[in-house]
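Working notes, beginning with the structure itself.
All ligand and atom numbering here is 1-based and tracks the order in the structure. Not measured: the values here are computed from a predicted model.
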Amino acid sequence: MKESGQPIAPYGAPSAITTEGTSNSQGQGNTAVAPRERRKPRISETPPAAPPAPKLADYEPIIGKSQLDELRFVASALRGKRVKMVNSTAVGGGVAEMLNRLVPLLDELEVKTAWDVITGGNDFFEVTKGFHNALHGGEFTLTQQARDIFMLHTEQNRQRMNFDEDFVVIHDPQPAGLIASKMPNSGHWIWRCHIDLSHPNPEVWKFLQPMIEQYDAAVFSSPSFARSLSIPQALFYPCIDPLSEKNKDLDEKYIQEVCDNFGVDRSRPVVTQISRFDRLKDPLGVIQAYKMAKKYVDFQLVLAGGGASDDPEGAVVLKEVQEAAGDDPDVIILELPPWSALEINALQRASTIIVQKSLKEGFGLTVTEGLWKGKPTIASAVGGIPTQVIDKQTGALVHSVEGCAYQIRYLLTHPEFGAQLGRNGREHVKENFLMTTNARRWVMLFRILSRLN
Ligand code: UDP
């Protein structure tokens, strides 16, 4: 038996929680376990073939017929209009994942949508990565060489692409300079910014702002991410696809197989953070919180994520995480390849609690994914997370390692409250953060812009 500590106070009322209180869906209590051998999980070394994109009708059981009819109705005014989406990568990253679904959906709504990806050499992507970090407030010296590289590749892409669509949507800063191709009789150009521009490096922002202000509108993911601009702005939350491999319902048998493969013992509670091994995701803080909470309640911690094999800093962070976990068999560290959507889905579904203890965050799609799966979710009050996690209603917001430990302990010992948070969280996602809501927002924006002319 583990030592029993100070009782934990629930929201509002005092209570005496001891180690006995822990339970999960299997109803097992806190029992000492013999350390298990760390096993090497079987993870496919190559990406599996992508499943076919869902059709609009496939969403009906999730959002209901009336919502779907409404979407078809609002889109009907745009029938035959053409859209082009442009970003900087076809695979990897949330933007590509979203476009993969949004483009066929708009197409099916008879708003013909093409997706083009800009090209560039290593020099270009080094500069744009520098821009990305600088726009998040990082240090960056904008040299003349960096400006020239950005403009040169922008020019090369402009030569290669044409823009005769009714709506051109440019995602993020990398292709922002394509606006130079906008002619007086062009369609409407929209800049869709997925990043937090609240504290940009002034030099980089000064370089980009004149380009951005030539667009007809800008779209941000949160009011706090936006800048003061001379053009109209819209707020579109990011979204998840409930039918993607990451989020679709899974067979219990498959979930169990994944857990067996990864050495996750489902007879005891499982607390999971899915994240790239990145300092801003604070995996070391999660381990500290685990160690604090573990003194009072028994559970396993799963830290699963990629980004360590192709990112030198990721490898360093992973090593630090492994060292911090030591030989504790209840800390399960999984390095996953980018094609692990089904495994991530299964891990999230097998979890008792989802944690996202980021120090900085964009929107935090892992939070959306956890909430969608009806899981009590504990997440830091940073970036777009408070839009999703409304404290004590759709999840628990935390500000520190101690807060995270407290909430883990509280929710593991108050499963009914956790279940209520999970139900509320799923409804909140259904209302606001699903792909179909996002498609509707695009359609509405296109309609509004068309009428402005
Ligand atoms: N993700 C993944 N593999 C990983 C880690 C994360 O597929 O190893 C997914 C995760 O499920 C989510 C997205 O990548 O869909 C991460 O988005 P989020 O907004 O949480 O964070 P970001 O990595 O974009 O900062």
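- Contacts between Gln356 and ligand 1, counted as non-hydrogen atom pairs separated by less than 4.0 Å, are absent for every part of the residue.
- Geometrically, ligand 1 and Gln348 share no nitrogen or oxygen pair separated by less than 3.5 Å.
- No hydrogens or angles considered: nothing links the side chains of Asn261 and Glu257 as a donor-acceptor pair under 3.5 Å.
- Side-chain rings of His194 and Phe220 stay apart, their centers remaining 6.0 Å or farther from each other.
- Distances from atom 8 (O) of ligand 1 to the heavy atoms of Ser244, Gly306, Ala341 show the closest one on Gly306.
- Not a single protein heavy atom sits closer than 4.0 Å to atom 13 (C) of ligand 1.
- Judged by the 6.0 Å distance and 45° axis criteria, Lys84 is positioned over the aromatic ring of Phe163.
- Protein heavy atom nearest atom 23 (O) of ligand 1, with residue, atom name and distance: Arg276 NE, 2.8 Å.
- Contact annotation for Ile344 and ligand 1: only side-chain heavy atoms (C-beta onward) come within less than 4.0 Å of the ligand.
- Looking at atom 11 (O) of ligand 1, its nearest protein heavy atom turns out to be Glu369 OE1, 2.8 Å.
- Remark: minimum distance from atom 18 (P) of ligand 1 to any protein heavy atom is reached at Leu365 N, 3.4 Å.
- In this structure, atom 3 (N) of ligand 1 has a protein heavy-atom contact shorter than 4.0 Å.
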### Message
Could you walk me through whether Trp115 and Asn100 satisfy the side chain to side chain donor-acceptor pair (under 3.5 Å) test, starting with their C-alpha distance in whole Å, then the side-chain angles of each, then the deciding distance to 0.1 Å, before giving a yes or no?
### Response
CA-CA 9 Å; Trp115 175 10; Asn100 246 312; over 6 Å; no
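- Heavy-atom proximity to Gly364, at under 4.0 Å, picks out these atoms of ligand 1: 19 (O), 20 (O).
- Taking only non-hydrogen atoms, the option from Lys281, Lys246, Gln273 nearest to atom 25 (O) of ligand 1 is Lys281.
- Looking at atom 6 (C) of ligand 1, its nearest protein heavy atom turns out to be Ile274 CG2, 4.0 Å.
- For ligand 1, the atoms closer than 4.0 angstrom to any heavy atom of Glu361 are 21 (O), 25 (O).
- Note that the OG atom of Ser351 and the CD1 atom of Ile255 stand 10.0 Å from one another [nearest 0.5 Å].
- Atom CD of Glu323 has more than 12 neighbouring heavy atoms from other residues, nucleotides or ligands inside a 6.0 Å radius.
- Protein heavy atom closest to atom 16 (C) of ligand 1, with residue, atom name and distance, is Thr366 CG2, 4.3 Å.
- Aromatic rings from Trp442 and Phe236 are positioned such that their centres are separated by under 6.0 Å.
- Salt-bridge check for Glu252 with Arg266: passed, with a basic side-chain N closer than 4.0 Å to an acidic carboxylate O.
- Checked against the 6.0 Å centroid threshold, Phe433 and Phe363 count as a close aromatic pair.
- Ion pair Lys112/Glu165 not flagged as a salt bridge, since none of the NZ, NE, NH1 or NH2 atoms sits closer than 4.0 Å to an Asp/Glu carboxylate oxygen.
- Ligand 1 places these atoms under 4.0 Å from at least one heavy atom of Gly305: 4 (C), 8 (O).
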